[in-house]
Amino acid sequence: MKTPRANNAAMPELPEVEVTRQTLAPALEGSRIQSMELGKPLRWPLGIDVARLQGCVFGPLQRRGKYLWMPLLHDALTPAASASSAGGLLMHLGMSGSLGFAPAGSLVVAAGPHDHVRIRTNSGVLTLTDPRRFGAVVWSEDLATPPASKLLASLGREPDDPALTAEWFHEQIHGRRAPIKQVLLAGDVVVGAGNIYACEALFDAGIDPRLRAERLSRPRAARLLQAVQHTLAQALALGGSTLRDFRDAHGMSGAFQDQARVYGREGLPCTSCGTPIRRVVMGQRSTFYCPTCQRR
DNA sequence: CGGGACGCCTGTGAGC
DNA sequence: TGCTCACAGGCGTCCC
């Protein structure tokens, strides 16, 4: 048996993306792009000539799943864009991405080896740092048009969407033969539950991750949905402290690590019943669960 | 069409 | 101590 890894990369989950949005919004909105520099290529090409972004003004930041949408309004002063056309940047932080903003007047550190996008505005410099480059920044004219529309097309409902009822959730997973954990991970029913949160939510709900989704009873589905929502909400509440350690190369932030009941705890006693936590691989991804507390 | 496997990347630490 | 190598993960894409 392998010893549990003490190292669990702090990846940007939905809560981190939301905290990023919240902290970035006041600084970025209304600021005007002066220039933009690209480092190494990310997941996809930007899809627009950098020069065309010059003079654009940031609109209100939005989040959809783990994507950030930064609307850009063409400045009327830019001759080529006088036709009030609009667009925006769709960003994903991938596995290791983070966004930083250095307000104008503050000391701007030189671009590091993993700073792949830098946007200089009249109010400061926005930097996307992403060592593994699973992230992306893509220009799109609209959320409703490609490429944005295609990227967002299969996303499920937001965890706090009022339309995400237990009834609807149960209905959605009813026809799914895949293991419930895979369905959560797929994100086409509910967005935001990554590998860690999926494991934790299933533990909360007392459900074996290998159980076929279609076999979940209505009450258990309701319980699971509640667990997913609770887990994500709790993480969001801790988001501030998580974000502080965001740039660290490894290790979940303290607050985050302390919360994990099963993730990364193979062989350690279940916090609830003492049974050693098990690890299995599902969809080529580590899955942790308590064989006693979580039932089929 | 659902579902499973793959590949993209690099830092990390276990093991030799 | 230095090197090699498996591993971590989101998600689009490909294939069955």
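dC9(B) atom P lies 16 Å from atom NE2 of H92(A), rounded to whole Å. dG3(B) atom P lies 18 Å from atom CZ of R285(A), rounded to whole Å. Between W44(A) atom CH2 and dC11(C) atom C1' there is a gap of 7 Å when expressed in whole angstrom units. Atoms CG (L42(A)) and P (dT10(B)) sit 11 Å apart, rounded to a whole Å. Taking atom CD1 on I173(A) and atom P on dG3(B), their separation rounds to 12 Å, with Å as the unit. Distance H116(A) NE2 to dC9(B) P: 11 Å, rounded to the nearest Å. The distance from atom CD of E214(A) to atom P of dG2(B) is 13 Å, rounded to the nearest whole Å. A straight line from CG of D130(A) to C1' of dC8(B) spans 12 Å, rounded to a whole angstrom.
Here the NZ atom belonging to K181(A) is positioned 12.0 Å from the CZ atom belonging to R210(A), to the nearest 0.5 angstrom.
Checking dC11(C), dT10(B), dC8(B) against every side-chain atom of K40(A), the shortest atom distance belongs to dT10(B). For Q284(A), counting side-chain heavy atoms from C-beta on, the closest listed nucleotide (dG10(C), dG4(B), dC6(B)) is dC6(B). Side-chain proximity of R279(A) to dC11(C), dT10(B), dA8(C): nearest is dA8(C).
Closest non-hydrogen pair, V262(A) versus F288(A), comes out as O-CB, 3.2 Å.
With no hydrogens or angles considered, no side-chain donor-acceptor pair links Y289(A) and R279(A) at under 3.5 Å. Side chains of S154(A) and D188(A): a donor-acceptor N/O pair is absent below 3.5 angstrom, by distance only.
Within 4.0 Å of L185(A), counting heavy atoms only, lies no atom of the nucleic acid at all. Within 4.0 Å of R176(A), counting heavy atoms only, lie sugar-phosphate atoms of the nucleic acid but no base atom.
The aromatic ring of F134(A) does not sit over the base of dC11(C); the criterion of centres under 5.5 Å apart with planes under 30° is not met.
Between E18(A) and R63(A), at least one side-chain N (NZ, or NE/NH1/NH2) sits under 4.0 Å from a carboxylate O, which counts as a salt bridge.
The residue among R177(A) and R43(A) whose nearest nucleotide of DNA chain B is located toward the 5' end is R177(A).
Contact check, Q182(A) against dG3(B): no side-chain N or O comes under 4.0 Å of OP1 or OP2. At dG12(C), one or more side-chain N or O atoms of Y67(A) fall inside 4.0 Å of OP1 or OP2 (strictly under the cut-off). Residue S286(A) places at least one side-chain N or O closer than 4.0 Å to OP1 or OP2 of dA8(C). Look at H114(A) and you won't find any side-chain N or O under 4.0 angstrom from OP1 or OP2 of dC9(B).
Not a single donor-acceptor pair, N or O on each side, falls under 3.5 Å between the base of dG10(C) and the side chain of R132(A).
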